[in-house]
Undergrad: 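Input: one structure, supplied below.
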Amino acid sequence: MSKFLRSWESLLILILGITTAVNISLAPEFLTLQNQVNLFQLSIEKIIIATIMTLIIINGEIDLSVASIMGLSACTFGTIIDVGMPASLAILLCLGLGIMLGAINAFWITIIGIPSLVVTLASLIGYRGFARVLLEDRGITGFPDWFIALGRDGLIGSLPLSFFAFALLVATLSIVLHRTGFGREVFTIGNSAEVAHYSGLRVARVKSILFILSGGISAMAGLFYAARLASVRGDAAFGFELDIITMVLLGGVSIFGGKGSMLGVVLSILIVLNLRNGMALMNITGHIQTAVIGILLIASVLIPNMLERLRSVST
Amino acid sequence: MISPPLAGERSTIVSHPILELRHISKSFGMTAAMADVSIAILPGQVHAIVGENGAGKSTLIKILTGVHQPDEGEMLVDGKQMQIRSTEDAQKHGIAAIFQEPMVFPDLDVAENIFISHHNLGLVMNWATQYQHANEIIARLGITLDPRRLANGLTLAEQQTVEIARALSLNVRALIMDEPTASLSAHEVDRLVQIVEALKMRGVAVIYISHRLEEIFRIADTVTVMRDGKHISTKPISQVTQQGMVRDMVGRSINHFSMKVAANAHGEKILSVRNLTRDGVFSDVSFDLHIGEVLCFAGLIGSRRTDVGLALFGVEPATSGYIEVARQPVTIDSPQSALKYLIAYVSEDRRKFGLALNMPIFANISLPSLKKLLRLFGLIDRKAEIAMAESHRERLSIRTPNVTIDVGKLSGGNQQKVMLAKWLETEPRILIFDEPTRGIDIGAKTEVHNIIRELAIRGVAIIVISSDLPEVLMLADRVLVMREGRQMGIFDISEATQENIMALATGQTAAMSQ
Amino acid sequence: MNVLLRNFHPQTLRVITLAVVLLLVIVFFVSQIDNYFSPRTLNRIASSAAVILPIAIGQAIVVMTRNIDLSVGSLVGITAYVTGDILAYAPFGPFLTLFIALSIGALCGAFNGVLVAYGRVPSIIVTLGTLALFRTFLVEYSEARTITTDSLPKWVVELPQTTLFSVGVLEVRVMVIVALVAALIFSLALWKLRAARKFYAVGSNPDAAIMAGINSERVVFTAFVLSGMLAGLAGLIFLARFGNITVVAGLGFELKSIAAVVVGGVNIFGGSGTILGVVLGTLLVDTIDNSLIRWAIVSEFWREALLGILIMTAVAVDTFMARSYVQLRKLVA
Amino acid sequence: QKGGTANLVLLPKFLGILPFDQARRGAEEAHKELQNKGSLDYIGPTPENSVAGQIEMLTTATTQKKNVVMLSNNAGDQIAAAAEAAQAAGTKVVTWDSPIPSGKGETVFVAQVDFGSIGVVMADMAHSIMGGSGDFAILSATPDAANQNAWIAAMKETLKGDKYKNLKLVDTVYGDDQAEKSYNAALALVDKHKNMKLIMAPTSVGIVAASKALQDEKLCDKIKVSGLGVPAEMVSYTMNGCAPEFALWSFVDLGYLTYYTSYALATSAIKGNIGDEVNAGRMGKFKIEADPGRKNTKRILMGPFTVYNKKNVEAAAK
Ligand SMILES: Nc1ncnc2c1ncn2[C@@H]1O[C@H](COP(=O)(O)OP(=O)(O)OP(=O)(O)O)[C@@H](O)[C@H]1O
Ligand SMILES: Nc1ncnc2c1ncn2[C@@H]1O[C@H](COP(=O)(O)OP(=O)(O)OP(=O)(O)O)[C@@H](O)[C@H]1O
Ligand SMILES: [Mg+2]
Ligand SMILES: [Mg+2]
């Protein structure tokens, strides 16, 4: 779109190139197929949600409750299996639950008119609480084999179903966002909800659709999580929201809405995954990993800003 | 702190300029907004700057006040070279500005809005005295505004007066006004002119930008014309004619100023409004609108004309009353429902309600008519979209390298044109313009007037809310006058004069207005 | 009535609503929990809120300027730990210690502030980064040691039980007073200090602030320094209250403080809010939290779910009241 | 047996906490003693990201073809899949401190003490502190902590015994291993249960927080604290009577033994079957046996643990 965005993405490509080069030269195992599969597999649920989070943040909102919806849907799945109902039914119920949880968020945000940060902060706490209510101190295992296989085994090659779900989401959401009328509405509302309203756009409807989608996709991610780990517990997916938001912001999506691209987010996802994987292979602890990503996040905005300023001063 | 200017106090003998720009250039990417401009500002004088939209006037102001840094050239304050890095810096040098787009703090009350950036009022607030001072300044401006009211919800005109009050209270040596009267009506303009006169007496240098040429002739001592970022001429007002000034502005002679043409032949009744009321805001507005007719709403600022427009567009629905479109009773409770009946509304506040500033021109133009561009699976036809934007760019002569740049980067007048384009594209049956020519230059103003008339001829029913009385008289077939939320009367254009409209608008009886 | 309505600042109403909601919550729990309305319970809730209150005030100031500070939790951790560590070597008195804690906090806050105000990096990005960065610093610095009460001077260990004065059976504790004094100072400053009003201005319309000649960079920077300082104060209170400090100290406080701030009626998009509201918001969240764990018929596992629901309800009630008030006012005007 | 090559990873629940650091010291001691030519990495996730982080780190170690990952499991059965994948790729998983509940993917669990006997010890401490009768409550870490849950279950089992018939467990609450939550939870217990005489906290964070809370509220003469704690952190509360008795084992030894076991597995000195014997340097010989607490799993029992009181706590705290 604008020049700045283009340069942001080229910056990301540069960072990605450097990270990959460093990883290849310093971590011999990096390029192995298994490692490349693991690299996605380990964070697959986060990156799936990052796709819809991109739309939500471009829309000028935020959804902090995604990880709690994931947790609650995973725990609901566990509970349903535990009482002996078939897994296929459980899957449907959980997806429905996710959509409902998203709709509850949407209700407070669009109908009552409370800022999404506040609403989803409360539902972050509340939904997680219901996961606790369901499972208390239990963990649930014993899911059907086909379900577990779905989460773990390769569907084509060694790539599991969840990977294709991610790819499909990236493709469709990126077309929706950048090529369709709905996407244009998302951008416009993010830019100025008032202008959008005055232009006859149905602001509440667009927002509701996004939050409901977010609920559904988070529930799906929760199911992938349950399948991959073959077990659920009350703390499933705890704290994932910050990682997801970090990826989206590093992708150049403006936290104030109205700006960003799916390409940027995909690049940023690749960077974060590569970086984490590379550091893990170099035996760097979790704290340092998080700190490095934090520094990268700040630096990726700070350095272009500084360069811009230097340029304007020197000319 | 706030000493009212004393009438009769004579300005000291003018010797050297307070402010001087020498060979200033500034470009934004490819656009050269200012190229090698030099001017000197003398104390006790009103220095008007005129030019077409995008000529670089606002850029000049922003450089004088430190919002932008020049690429080249130097600035002198009191004959000494200075760098002004921020508006704070500028204020320290005694320079303050009223910017083109009013900027208030919605969460602060009017009084705080006026005094927030004062540096010498002491550490501790005294709310009571602050309100008192605010009242004094507001009174001088001749408007009614409660200093305790939050700025949130002020109309554009009210915001502009708050900004004027803020600048006046600063006790400056050089005051820059970028289209201060763009949304004021004649009444308030008169007061402003008086205040400017008084400032002049005290030796304040005033830089005055306006597209209303008659104002320039009223108050300016010197006129500088800019075109395409270049300095064209600086002359004492006595040596300037309107024709000559316009020629300098556009680079050629224009003769076809807006002129009143005979009223259109009206068609059928398309809109009928009866006793439209929004509780506590306006009440009992009733009128009919016919195909091909231009109905103008006149009134002072805050007379709630905009609110009637908003009600008809469904943004702030009316609480009672009756609306009929094409003889069908309708309820309009949202912009979508208004658009469904092919009613469009061009807001007076382009930055807040009109344009998504960080989106490209084409996306802004296509926004309300996006449906036309949708193809299979809801994909947007990009080519058609660009073509749509290009056609408007040509028709309205929007000054921009291309239609893919962000609207926010255009000059104020060009933004206004983009907003007009956006609503023209919806091809409505009923089109409400709220201050349609706010901030656009006379060339373009003529163009807009022509467009409005053309639309009317083509069968669109038009409502124009305008504070610009000459404009009202020129465009209208009928004039509806409002005052404090009430409809004071409707004139046929044949009976309407500036005097009788103002008399109704200010609440004087017809007898008193002789 | 009319005059009353017109002269009410919307914020005044928020505060009154909050107070009413808080009262309702208390009345509810009084009916549910035996012996609830006792000096003892009051004391405990107050002491618990005293840890969060300073952070919430700092957060509120930052939020008023249309920013957010996610690093406060890590800041509390750093101050609590490093101050504890310093005290172990040099058992300073209260004032010097307070100075040290505030300085540590202010320093970290300044780091955030420079990046946000002068580096022009959005605050959520900066503080999301420093949330991790500060915590990592702490983990590296601590080398897995724990600060224990034994290594702390006696006055620190005894601070939580030190009472300033008693009103009947109600003991008013020093830490509660310290937190309240902080609230009072900032409340007064935001109301009365001309410079402090600029926090509102910058948050209300950042562009206008620049145009009006407000040095918004300095204002935003100051907000972060203050937030850091107040987190430092909270760190000191944390240290005194819990005595045992590990690297997880203050984990998750950022969300708690944001919850207190939004419940307290501070506009998350900047420009408005009062410290009194924040005090009530903090008390409300903390009271709900601390009452739920005392409510016998609610199982341990229902607590979080109820907390989420109650926060939502409180905010919704507040929004409704504020909205109907605005409507009422329009009618009257 | 010395001087072999084994690449080992010590993976605690998270970093920065004393007990885990002690385990590291034990492991390093063993690493030196055994003159291992391979590597010993001490890595861990952040507390907020503990579950996902442990799974990630275990998977990475598998990719790196490490021989053994020594895991203090914080992820419950959620890590079983990764552990099974590790085993399949030839990386053994030895758990310590906290096992994988289902035992899936776990080679052997190095148990600090017999989980059943911790139940007995806690019950005994409660019995002796309360003088044989009274109400008490448990303040645990998180509802998800496998080891804590096992100990609580074992204690409840023990309480059924005749000796404890006058002890009444009235409540179980969680402090999420956070100081302020545990502190508030302790005070809430006090308010909720008027006749409560003891808070039993089988977690080092909970026990100090509860002790501090009762001390601050001057309740120590009415209500006592007990459980599992680190002497250095507990010494003042034991000396002033708030927490007269608590228990713990040596984390240094636990790290040491876990290392020896893992090294033996890596160098194929043992297969990891029941009956295999680990020669653990200064600690002597240990046998792999069936874990009585979990079906189809194996453990090595370290033991013993120490009960600390006024007499021995000061020395241990040094
Ligand atoms: N921030 C910006 N970025 C890019 N271009 C800009 C920016 N601000 C102004 N320009 C360009 O500079 C030129 C001069 O604009 P300026 O706002 O000074 O015009 P103006 O004379 O004030 O016009 P108007 O009468 O419409 O207000 C225009 O072509 C405009 O597009
Ligand atoms: N005393 C008041 N209290 C609250 N709001 C007021 C008050 N006076 C005016 N307003 C607000 O100002 C607006 C009234 O003016 P409106 O915009 O309808 O008039 P207008 O004639 O178009 O004036 P303008 O020329 O300023 O646009 C309304 O939106 C209303 O909310
Ligand atoms: Mg301009
Ligand atoms: Mg108007």
Side-chain angles (χ1 to χ4, degrees), chain A residues 1-8 55 57-60 110-111 171-206 209 252-261 308-315, chain B residues 25-27 29 68-72 85 310 313-315 334-340 343-347 349-360 362-382 385 404-409 419 422-423 426:
Chain A
M1 271 175 69
S2 75
K3 234 181 201 164
F4 169 71
L5 255 182
R6 246 179 279 147
S7 72
W8 183 284
L55 269 70
I57 296 183
I58 288 179
N59 195 231
T110 63
I111 310 227
T172 46
L173 288 183
S174 125
I175 289 174
V176 165
L177 181 62
H178 295 296
R179 290 274 172 268
T180 67
F182 181 79
R184 182 64 64 71
E185 296 186 5
V186 170
F187 268 106
T188 312
I189 294 169
N191 244 293
S192 164
E194 271 165 330
V195 169
H197 180 58
Y198 272 72
S199 302
L201 305 196
R202 274 176 253 200
V203 177
R205 199 180 67 160
V206 172
I209 290 176
V253 174
S254 162
I255 189 70
F256 306 113
K259 226 189 304 179
S261 76
E308 180 64 30
R309 229 196 252 191
L310 280 182
R311 206 178 307 148
S312 69
V313 167
S314 68
T315 50
Chain B
S25 297
K26 171 80 187 176
S27 34
H68 291 322
Q69 300 301 311
D71 298 339
E72 267 166 54
R85 300 209 158 278
L310 293 179
F313 191 55
V315 178
S334 68
Q336 292 99 36
S337 61
L339 284 169
K340 198 171 73 195
I343 302 174
Y345 168 79
V346 186
S347 169
D349 192 344
R350 57 177 173 254
R351 293 174 78 86
K352 201 161 171 219
F353 303 121
L355 299 167
L357 294 171
N358 295 321
M359 291 180 77
F362 70 82
N364 271 284
I365 292 180
S366 64
L367 195 58
S369 29
L370 211 51
K371 278 209 184 81
K372 281 195 231 170
L373 297 168
L374 295 189
R375 303 287 178 264
L376 206 61
F377 303 122
L379 295 180
I380 298 174
D381 184 343
R382 285 292 269 277
E385 187 177 25
T404 56
I405 70 169
D406 289 353
V407 167
K409 292 190 172 145
M419 183 169 66
K422 163 179 163 180
W423 289 110
T426 57

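Within every chain, numbering begins at 1; the chains are lettered A, B, ... in the order of the sequence lines, protein sequences first and strands thereafter.
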Undergrad: For B:Ile380, is it the side chain, the backbone, both, or neither that has a heavy atom closer than 4.5 Å to a heavy atom of chain A?
TA: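 Both the backbone and the side chain of B:Ile380 come within 4.5 Å of chain A.
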Undergrad: At a 4.5 Å cut-off on heavy atoms, which part of B:Leu339 comes close to chain A: side chain, backbone, both, or neither?
TA: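 Side chain only.
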Undergrad: With only heavy atoms counted, which part of A:Thr188 is less than 4.5 Å from chain B, the side chain, the backbone, both or neither?
TA: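 Answer is both: backbone and side chain atoms of A:Thr188 are under 4.5 Å from chain B.
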Undergrad: Rounded to the nearest 0.5 Å, how far does OG of B:Ser334 lie from NZ of B:Lys340?
TA: 8.0 Å
Undergrad: Examine whether an atom of B:Ser366 lies under 4.5 Å from a heavy atom of chain A, and if so say whether it belongs to the side chain, the backbone or both; otherwise answer neither.
TA: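 Side chain of B:Ser366 only, per the 4.5 Å heavy-atom cut-off to chain A.
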Undergrad: With only heavy atoms counted, which part of B:Phe377 is less than 4.5 Å from chain A, the side chain, the backbone, both or neither?
TA: backbone
Undergrad: Considering residues at least two apart in sequence or located in another chain, which fulfil the side-chain hydrogen bond (donor to acceptor under 3.5 Å, both in side chains) criterion with A:Arg205?
TA: none
Undergrad: With B:Ser27, which residues qualify under side chain to side chain contact (heavy atoms under 4.5 Å, CB included), at least two apart?
TA: B:Ala32, B:Asp71
Undergrad: Given that the side chain runs from C-beta out, which part of B:Leu355 has a heavy atom under 4.5 Å from chain A: side chain, backbone, both or neither?
TA: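 Contact with chain A is through the backbone of B:Leu355 alone.
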Undergrad: Hey, could you give me the CZ/CZ distance between B:Phe353 and B:Phe313, rounded to the nearest 0.5 Å?
TA: 12.0 Å
Undergrad: Please report the interatomic distance NZ(B:Lys409) to CG(B:Asn358), rounded to the nearest 0.5 Å.
TA: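 So the NZ of B:Lys409 and the CG of B:Asn358 are separated by 8.5 Å.
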